[in-house]
Amino acid sequence: MTGKHFGLPFRAVLGLPVLGILLLWSGVAAAAEDHPVRHGEGRLWKIERGDAPPSHVMGTIHVTDARVRDLPPEIRRAFEGSEQAAFELLFHPEEREKTAQAQRLPKRTSLAKLLDKETYEKVVELAAAYGIPARAVETMQPWALALTFQVSPEEFRRRLDGDLILDLWLIQWAYDLGMRVVALEKVEEQIAAFEAVQGESDPAEILREVLAQLEENPDGHAELLEQYLAGDMRTAYRQVEEMAANDAEPDAQVFKEAFLDARNHTMVKRMLPLLKRGKAFIAVGALHMPGEEGILHLLEQRGYRVTRIY
């Protein structure tokens, strides 16, 4: 493909909504109750209602791994047959700048002042593996660092080298095909969701949780990717549900409500005009698909027929 290039500076790339954020509260390998999850399996669904031409919704994962771009024929045909495409964000330069600004601590505030000495030193050491110098760590919001550590150092470095996450790769492809391309969210809304999660929490505790989970399950990034490639978001979603239902984990409830449920309702509302016109291809993070408050069930509640294609 040719066309627009979406190289991101390291600060901007931190703000990308990563499916692995659930590691903030629960390791991927943790046991989860084996109960049914509505729309917990699949990567592509056909959306139909009335006389409008069918549209499609795809769950994505925000990583650069080449395997996620090796799309099966069913997804390629659906994409190439679409006339309009929608994504969470389009990552325009002004959006990236707003994200970068939000990730900085206020002036005269430093990370060392927010964290205990032991946690701070561990964060600086881990950040170094990502190529982030201590002077940059000192100015970063805790939630921005937590997001950084939800991807592997190798993944982070690929982004710095200009490799595109799946969503950006699809955006570029949509432009190349001459589609009408729109965003379902505003960058300010995503930043508010991250800040809502951090606002209810001790910033040191957030980072301690992340560090502990990475020590307990260093292969969590790879496991989540394998689950995605297998079209299985049941385990990941069950963990979010269970942690949100646990009174001892209020942060997880805030995460589910702010980062998943509220955003799902917003995105569904904004995709309705596209679905009415038809031939839309809508691609958002896979963790937004499952559950009673997931995008697919919300569409069913509005009278749409949802059929798994892949």
Side-chain angles (χ1 to χ4, degrees), residues 7-30 61-65 96 99-163 165 190-191 193-195 197-226 236 239 243 249 251-252 254-255 259:
L8 301 180
F10 85 83
R11 285 189 178 275
V13 81
L14 303 182
L16 298 174
V18 288
L19 196 142
I21 195 173
L22 66 95
L23 289 172
L24 287 171
W25 295 279
S26 169
V28 172
I61 185 168
H62 311 304
V63 300
T64 63
D65 192 292
R96 302 203 300 267
T99 301
Q101 291 176 2
Q103 290 162 356
R104 301 187 190 106
L105 286 167
K107 292 182 178 179
R108 293 182 292 278
T109 302
S110 68
L111 192 70
K113 295 178 181 179
L114 299 178
L115 307 180
D116 59 89
K117 186 173 184 293
E118 181 182 1
T119 302
Y120 178 75
E121 289 176 350
K122 287 183 177 180
V123 167
V124 170
E125 181 181 0
L126 181 57
Y130 288 75
I132 304 174
R135 65 180 182 277
V137 173
E138 186 68 7
T139 66
M140 292 173 66
Q141 289 278 2
W143 63 261
L145 282 162
L147 284 172
T148 302
F149 301 150
Q150 300 315 303
V151 300
S152 67
E154 295 76 19
E155 166 69 22
F156 187 78
R157 284 193 288 270
R158 286 197 296 267
R159 296 181 185 186
L160 291 183
D161 290 339
D163 287 6
I165 64 169
Q190 286 202 355
I191 291 169
F194 290 124
E195 292 177 341
V197 174
Q198 178 173 288
E200 297 291 327
S201 310
D202 173 5
E205 185 60 28
I206 289 176
L207 286 168
R208 281 195 293 267
E209 287 278 352
V210 172
L211 294 170
Q213 291 299 338
L214 290 173
E215 290 177 4
E216 178 183 338
N217 184 24
D219 297 325
H221 309 118
E223 292 173 8
L224 189 62
L225 176 58
E226 292 298 332
Q239 289 166 2
M243 297 301 288
E249 298 286 350
D251 295 348
V254 173
F255 163 72
F259 199 82

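Because only heavy atoms are used, hydrogens play no part in the values below, and waters and symmetry mates are left out as well, while side chains stay in. Numbers here simply count residues along the sequence, with the first being 1.
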Taking side chain as C-beta onward, heavy atoms only, is [X] less than 4.5 Å from [Y]?
X	Y	result
Q141	P106	yes
L114	Y120	no
S110	T139	no
I165	R159	yes
Q190	F259	no
Q103	I191	no
H62	V151	no
L126	V123	no

Practice problem: Verify the neighbour count for atom CD of E125: are there more than 12 heavy atoms of other residues, nucleotides or ligands below 6.0 Å? | Solution: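 No.
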
Quiz item: Is the CD atom of E154 crowded by more than 12 outside heavy atoms at less than 6.0 Å?
Solution: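 Yes - once you tally the heavy atoms of other residues, nucleotides and ligands closer than 6.0 Å, there are more than 12.
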
Practice problem: Begin from the C-alpha positions of R157 and D163 and carry the test side-chain contact (heavy atoms from CB on, under 4.5 Å) through to its verdict. | Solution: CA-CA 9 Å; R157 284 193 288 270; D163 287 6; over 6 Å; no

Quiz item: Quick one: does D219's side chain have a donor or acceptor within less than 3.5 Å of a partner on A222's backbone?
Solution: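 Not confirmed, D219 side chain does not pair with A222 backbone.
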
Practice problem: Would you confirm whether E155, through its side chain, and V63, through its main-chain N or O, come within 3.5 Å as a donor-acceptor pair? | Solution: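 No, the answer is negative, given that no donor and acceptor are paired below the 3.5 Å cut-off.
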
Look up atom [atom1] in [X] and atom [atom2] in [Y], then write down how far apart they are to the nearest 0.5 Å.
X	Y	atom1	atom2	value
K122	E215	NZ	CD	5.0 Å
L211	E118	CG	CD	9.5 Å
T148	I132	OG1	CD1	4.5 Å

Shortest non-hydrogen separation from [X] to [Y] and the atoms involved:
X	Y	answer
A146	L207	N-CD2, 3.9 Å
P153	A129	CB-O, 3.6 Å
L105	L111	CD1-N, 3.4 Å

Exercise. State whether R208 and D116 are salt-bridged, where the test is any N-O pair (Lys NZ or Arg NE/NH1/NH2 against Asp/Glu carboxylate O) under 4.0 Å.
Key: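 Yes.
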
Quiz prompt | Whether Y130 and F149 hold their rings parallel, tilted or perpendicular, with breakpoints at 30° and 60° | solution =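 Taking F149 first and then Y130, their aromatic rings sit tilted (interplane angle of 30° to 60°).
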
